[in-house]
Each structure stands twice: as structure tokens, then as C-alpha cells.
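To start, the structure itself, in C-alpha cells.
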Amino acid sequence: MKTILHQKYIAEAVDIKNIKDFNGITSWQSPSNIAIVKYWGKHDNQLPNNPSISLTLSNAHTETSIQYTAKNNSGISLDFYFDGKSEPDFGKKIERFLIENLTFFPFLNQLHLRVESKNTFPHSSGIASSASSMSALVMCLLDIESTIGTGKRSKDEYLQKASFFSRLASGSAARSVFPYASLWGESESITGSSNEFAIPLENAIHPIFKTYHDSILIISAKTKSVSSRSGHSLMENNPYAKARYSEAEKNTVSLFHAMKKGDLESFIQITETEALQLHALMMTSNPSFILLQPNTLTAIQIVRDFRENTKIPLCFTLDAGPNLHLLYPDAYRNQVEQFIQENLLQFCQSNRWISDRVGNGPSQLV
Ligand code: PMV
């Protein structure tokens, strides 16, 4: 189904008029994000079955550059390098995405692309690299498009377009283009929310959330055993799917209001419920899968005891893996880091943890 936005983006599509000597380079960094209300289950072309809200990270980001040179023959032509090494398999994934979206970016027919990418965070560390890498790629594409010359558009329209195409590349990437926090997916009571793109929450949240840290305990660095693609599709026959989608809708609205007010108690309650529901869905799908490890559960218990004893508003969330993301305001940084060092590192693989915090969203490097 072609929506109004599809039609708008088709109308904006540009060719390069003066192809001779149309060469250049663009480079962007874009962050990963951590979902608080989780997106799990999708339909059609990357449309979510429920709304989700995430915090945009900062240190965990991808840097992508595209060097483009004019060519005569039509069709997508690209070389992809990751960490300086040619990676044809990942290149194929990008190529597929570009072919699927040629109607929107017809100028890609006229260019050869050399795409180079690197992550600032280790592979398989429980940080979503598809969110950062795909949003970085899309920021580069839109920048090339701007160089060719599209009509005037506001920053908001630009980011909405970036979110729309990031979503098509990888669902959760839609949320990475906005600073601090964003919401993706239609929610009846949140004006402006959409399944097609995420919306910024920067101006809707209490300042305390702009100081939040995400300390990631690497319980295991092993690659997850289930891809998010098959995880999403298992929701189709999950007996709890209907209940989950209405819970997620409810949690989205409650979280939205809690973040507006700076209500940390509700934030903590929703964050932990959502993390555990995500994993409960995995455990109740057919086939079922368990990504949590004994050390994840031990660490969760220790975090809850610490919160109970100290009243420090520390809580955890989980992505599709065993690693624990610890969320807390900057005011408690010293106490929480000391607590991690003394009580939790023993449950991490090789005592590893990653220090991150919420950040500003994508930025242009070149
Ligand atoms: O964007 P995907 O298809 O990799 O799915 C992401 C799913 C979770 O990370 C588990 C949750 C989320 O909302 O980010």
C-alpha cells in the first residue's frame, strides 16, 4: 500500500542532471538505541505491531562514509568495507535495501558507492548494531540527495524522512535519528505518532532523562541464537500476542506520561516489566528460545536488592540477549559504578561492561 508519505518521497526523487564529475564523500555517525517499551512483532513492510519508546545512546555508534563517483551504466553498484575489510555479505544486505528503494533514490543508478563502516562498540555485545548502522547509512544517502538538490525542507521533515527510510532498513533504526528519546509506532493517545516513522521526544521528556546512563553488563559476548527477523515472525503464532500488543500500548502511554513528569518510580516499573515481557514472549513462542542466562537472573536480583536498600533509582532492561542494561540518572553515577565494580562484574564475561549514556542523535563527520 502506498501511503501519502510514499507519494511525497516519490515526488521528491531526484536524478543527477550534470553527472560529469559528480563525485564526493559524505560521512555520518549515528547511535544505537535501547528500547524501554519493546518492539516485538511486525507486519507488511516493517510496520510495528505495537508502539515503542527508546533512549538514544551516545558512545555506542556507527561511523559510515560513502564515497560516490559518477558511472554510466544503470543499477546499484557498491563495495562495502567493515573495519577496513571487504564484507560482501553485509554489502548484499545494503544492496538489497537500495534496490528496494530505487524509486525514492533514482540517483543511485548513476553512482558507484564505496561504503565504509565501523562501530565504536564490540560486535555481539548486546548493543543493536543494525539500528546505528542503518540509520548512519540513511543519513549519508539523504546527504547525497541534498547535494543533488531537493526542494527546501525543514529539519523536522529531513529527520522524518531519515526515520522513515531507517525503519525500512531495520525497524528499530527508525528511533535512532532523534536525540535523547523517541517513539515509533501508532499510539491512539499520542498525537503525531506513526507506524511509518519515529517522532522525537526531546521536548516531551523531563530533563532528568537527558542525564541517563546505560551501563551494559556483558554477561555473554556470544552471538544471539535467534535473529530478530525470526523472533518478530514467531509473534504471529504466539498465544499471548494479542495481550502483549495491548500491554505495550498501555505501557507506551504510561511511560510517555512518566517521562514527561519525571516520575522515576513508574519509569522503573514499566522498564523492568517490558524487559521481562520481551523475554517471556521468546520463552512462549513455538519454537521457544531462552536468551537469558543464569548470571542475568542473578544480576537482576542483585540490582533489585540494591535499589530496595539504597533507594537509588537504578533499573535494568534487556535487549534480545543476556546482557543487562542498567539505567540511572547521572546524579548517581559514582555510587552505581562502584556498585557495578564491587557486586556485578563477577557475573560478566571477563569482567566486561560498557559505559554509555543518552545522547544527541546522528551527526555529520564529513
Ligand atoms: O529492529 P529489529 O528488527 O532488530 O528489532 C529490534 C527488537 C528489539 O531490539 C528486541 C526491541 C526494540 O524495540 O529495539
Side-chain angles (χ1 to χ4, degrees), residues 30-57 60 62 90 93 96-97 119 121 123-138 163-178 181-187 193 195-199 201 214 216 223-236 238 244-245 247-249 251-252 255 270-283 285 289-292 296 316-325 327 356 358:
S30 188
S32 183
N33 66 77
I34 179 73
I36 306 300
V37 175
K38 311 290 182 182
Y39 146 62
W40 200 238
K42 60 178 170 182
H43 60 278
D44 297 317
N45 195 3
Q46 300 273 94
L47 296 173
N49 289 352
N50 65 261
S52 55
I53 291 182
S54 60
L55 295 177
T56 304
L57 296 179
T62 298
F90 202 78
K93 195 175 161 186
R96 235 187 349 264
F97 167 69
N119 293 340
F121 49 96
H123 200 53
S124 312
S125 55
I127 300 177
S129 60
S130 62
S132 54
S133 60
M134 289 310 176
S135 52
L137 178 81
V138 169
S163 179
F164 179 99
F165 286 101
S166 298
R167 176 206 108 223
L168 289 176
S170 166
S172 55
R175 299 184 309 236
S176 272
V177 307
F178 296 107
S182 68
L183 177 150
W184 169 45
E186 235 164 77
S187 164
S193 60
N195 282 344
E196 290 189 283
F197 51 84
I199 57 172
L201 294 185
D214 179 6
I216 307 160
T223 321
K224 58 187 175 190
S225 54
V226 170
S227 70
S228 64
R229 179 188 291 268
S230 50
H232 286 293
S233 72
L234 284 171
M235 281 304 283
E236 281 160 32
N238 187 301
R244 162 61 194 159
Y245 299 139
E247 275 292 291
E249 165 69 24
N251 287 340
T252 299
L255 183 72
I270 299 164
T271 302
E272 296 193 350
T273 297
E274 277 289 321
L276 296 174
Q277 265 187 31
L278 172 71
H279 284 263
L281 293 168
M282 296 171 182
M283 291 185 211
S285 59
F289 52 104
I290 302 174
L291 300 182
L292 299 179
T296 315
F316 69 85
T317 187
L318 294 153
D319 206 359
N323 301 326
L324 213 56
H325 291 244
L327 305 175
D356 208 341
V358 298

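Hydrogens, waters and symmetry mates play no part in the numbers below; they use all other heavy atoms, side chains included. As the structure is a prediction and not an experimental result, all values here were calculated from the model. Counting starts at 1 for both ligands and their atoms, following the listed order.
Proximity of Trp40 to Met282: side-chain heavy atoms (C-beta onward) are separated by under 4.5 Å at one or more points. The side-chain heavy atoms of Leu276 and Phe316, taken from C-beta on, include a pair separated by under 4.5 Å. For the pair Ser30 and Thr62, the minimum side-chain heavy-atom distance is 4.5 Å or more.
In terms of N/O distances under 3.5 Å, ligand 1 is not approached by Asn33. Checking only distances, Lys38 never comes within under 3.5 Å of ligand 1, N or O to N or O. Considering backbone and side-chain N/O of Tyr39, one or more are found under 3.5 Å from N/O of ligand 1. For ligand 1, one of its N or O atoms has an N or O atom of His232 under 3.5 Å away. Polar contact with ligand 1: present for Arg175 (N/O pair, distance under 3.5 Å).
Residue contact check: Trp40 has heavy atoms under 4.0 Å from atoms 7 (C), 10 (C) of ligand 1. Ligand-side atoms of ligand 1 in range of Ser170: 1 (O), range being under 4.0 angstrom from any heavy atom. Every atom of ligand 1 is numbered from 1 in the order shown, and the set under 4.0 Å from a heavy atom of Ser172 is 1 (O), 2 (P), 6 (C), 14 (O). Shown in contact with Asp319 at under 4.0 Å from a heavy atom are these atoms of ligand 1, numbered in order with element: 8 (C), 9 (O), 10 (C). In the vicinity of Gly171, heavy-atom distances shorter than 4.0 Å reach the ligand 1 atoms 1 (O). Shown in contact with Ala35 at under 4.0 Å from a heavy atom are these atoms of ligand 1, numbered in order with element: 12 (C), 13 (O), 14 (O).
Note that CD1 of Ile53 is 9.5 Å distant from OG of Ser193, once rounded to the nearest 0.5 Å.
When all heavy atoms of Asn33 and Ser172 are compared, the closest pair comes out as ND2-O, 3.1 Å. Contact record, Thr56 with Pro31: CG2-CG, 3.5 Å, taken as the closest heavy-atom pair.
Counting heavy atoms closer than 4.0 Å to ligand 1, residue Ser52 contributes nothing at all.
Panel note: side chain Thr296, backbone Pro322; a donor-acceptor pair is recorded below 3.5 Å. Looking only at distances, no side-chain donor or acceptor of Glu249 sits under 3.5 Å from a matching main-chain atom of Ser187.
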